[in-house]
2 protein chains.
Amino acid sequence: MAYTEHDNVASGVVIPLRTSDRDVEWREFARSTRVKYQRLEQHSVVFYEGDKADRVFEVIEGAVMLFKLLPDGRRQVVDVLGPEDVFGLPRGRDYDCNAETLSRTTLRVFDRRDAENRTEVQGHLARCLTAQVEKLHDHAVLLGRKSAFERVASFLFRCVPACQQLDCLGDQRTGGESVIVLNMTRQEIADYLGLTIETVSRVISEFKRKGLILLEKQDRIRINNLCGICRLTGTH
Amino acid sequence: MAYTEHDNVASGVVIPLRTSDRDVEWREFARSTRVKYQRLEQHSVVFYEGDKADRVFEVIEGAVMLFKLLPDGRRQVVDVLGPEDVFGLPRGRDYDCNAETLSRTTLRVFDRRDAENRTEVQGHLARCLTAQVEKLHDHAVLLGRKSAFERVASFLFRCVPACQQLDCLGDQRTGGESVIVLNMTRQEIADYLGLTIETVSRVISEFKRKGLILLEKQDRIRINNLCGICRLTGTH
DNA sequence: CGCGCCCTTGACCAGACTCAATATTAGTGG
DNA sequence: CCACTAATATTGAGTCTGGTCAAGGGCGCG
């Protein structure tokens, strides 16, 4: 239990609830059950594939990536989770993938049996899972059918807070602009998009050359032309 | 509502329940609510992406594929569903993908509001969705990180009834054998595996040449060496 | 200032795609 | 039952996208 040492918020501590946290039952549940909070540094392991799945997690703040490894070391990041996302619910006894933080992260930790036995929170879980299934459907399209350019453009586009799942909303003439923070290394992006680190780098450089983006820092990108990126995603 | 004409089993008709249908609440729900049954021929459309999502479906018998299309016509099959799988639960108002039968199929049809309002069935839905998420994780690894050979081998291996999610269980010397029915055209397989029809065909021919498999019909394949195929999946 | 870690860039290579021709299968009607 | 047709699958040749391998650059940190 590698994370016990990080448990620095005792149960009972009040965390302000956002209004977007709509599910009343889930809120009640979080208050009533034995719940812990974990603060984790960047690149901390939450659990490994194959670990006994006795805890369920909810991202309060920060970001977590889920990934799987093939025996020869190839890695695929299967999901990137943010606030309000729930993870750590496998079908069987063990976790089906690895979970690692991408940035400094706060998690809410439940006992798995609590989450599974309380009928009043199943609805919330079902809705979370539904959202995840939709995201995975989109990602399957990206991995199965999109070119390297389209993959990176899609990735950048989805990092734009206002464009999470909307269409391009930038000004049609200027193209609209936005600054995004990736919180992922090139390697993590590559493993998420099913590419190599070199290909990701080349595509980003090409976008830069075309004036679509500008690298303020390596993981901090200014998008100068949202519409331009959006058009390259292949989706619109 | 293209499928209304196929509704040929009125509510109240008793359909034998299998013992694997473990969720008592779900069974009760299926009995108590206004539920219909649909018999569909091969390659019938259940719904289109963007249709108003007012119905939830459960596969009773047969197989259904879910797929998405890009504006230029590229297609990705995001999931292939069998008996007991539930589909048609989007986050928003509309279905996020298209659903089509792969073979002659019987579906149970629920009203979406019924499924969402009944707290007693949310647990069942959460479990179904959990299983789907795990399957989608595996598929992301396949699409993002596996070679054409590994993809086709993985696909064939997962079509073996006894190997659904088990390891290879064939005799180590002979390799074990099994006959599988694909119920999918080469095009559908290609769109599921993120390949082209030609690549799928070439890989299958290569497996045939190596004596690993034997085509009894185009969609009926005898696997002569289960272990051999299993070893080529990249997963073990 | 220098070390180490990422990231970028270039040259080359290979696996999968494209386009085109042919073969096979399934379905239809005589 | 067989001939004919349309749909599907296979095979080949050539191309191209993205991977591999290797060298160099930039940035943060001690």
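All values below come from the heavy atoms of this structure, side chains included, with hydrogens, waters and symmetry mates left out. Below, read A as the first sequence line, B as the second, and so on, with proteins coming before strands; counting in each chain starts at 1.
As rounded to whole Å, 12 Å separates atom C1' of C:dC6 from atom CD of A:Glu188. In this structure, CG of A:Leu195 is placed 18 Å from P of C:dG15, rounded to the nearest angstrom. Atom NZ of A:Lys146 and atom P of D:dT17 are 18 Å apart (whole Å). The CD1 atom of A:Ile197 sits 15 Å away from the C1' atom of D:dA23 (whole-angstrom rounding). Atom CZ of B:Arg145 is separated from atom C1' of D:dG18 by 12 Å (rounded to the nearest Å). Distance A:Leu142 CG to D:dG18 P: 12 Å, rounded to the nearest Å. Summarising the geometry, the separation between NZ on B:Lys208 and P on D:dT10 is reported as 6 Å, rounded to the nearest angstrom. Between B:Gln218 atom CD and C:dG27 atom C1' there is a gap of 13 Å when expressed in whole angstrom units.
Residue B:Arg104 qualifies as open at atom CZ: its count of foreign heavy atoms under 6.0 Å is 12 or below.
Take the nearest nucleotide of DNA chain D for B:Thr185 and for A:Phe149: the residue whose nucleotide is more 5' is B:Thr185.
You'll find that the side chain of B:Thr199 is closest to C:dA16, out of D:dG19, C:dA16, C:dT18. Comparing C:dA16, C:dT8, D:dA9 by their nearest atom to the side chain of B:Ala148 picks out C:dA16. Of the candidates C:dT18, D:dG19, C:dT8, C:dT18 carries the atom nearest the B:Thr196 side chain, counting heavy atoms from C-beta on. Comparing D:dG18, D:dA9, C:dT9 by their nearest atom to the side chain of B:Arg186 picks out D:dA9. Across C:dT18, C:dT8, C:dA26, the shortest atom-to-atom separation from the side chain of B:Lys217 is found for C:dA26.
Counting only heavy atoms from C-beta outward, the side chains of B:Arg151 and B:Tyr192 never approach each other to under 4.5 Å.
Residue-to-nucleotide contacts include a donor-acceptor pair under 3.5 Å from the side chain of A:Glu198 to the base of D:dC21. If you check distances only, the side chain of B:Arg202 does reach the base of D:dG12 with a donor-acceptor pair under 3.5 Å.
None of B:Ile221, B:Val203, B:Ile189 except one satisfies the side-chain contact (heavy atoms from CB on, under 4.5 Å) rule with B:Leu156; the exception is B:Ile221.
Counting non-hydrogen atoms under 4.0 angstrom, A:Ile204 reaches nothing in the nucleic acid. No contact: A:Ile189 has no heavy atom under 4.0 Å from any strand. B:Leu193 comes within 4.0 angstrom of no nucleic acid atom, judged by non-hydrogen atoms across all strands. If you check every strand for non-hydrogen atoms under 4.0 Å, A:Ser201 touches a base.
With no hydrogens or angles considered, no side-chain donor-acceptor pair links A:His137 and B:Gln132 at under 3.5 Å.
Residues A:Arg220 and A:Glu216 are paired through a salt bridge, judged by an N-O separation under 4.0 Å between the basic side chain and the carboxylate.
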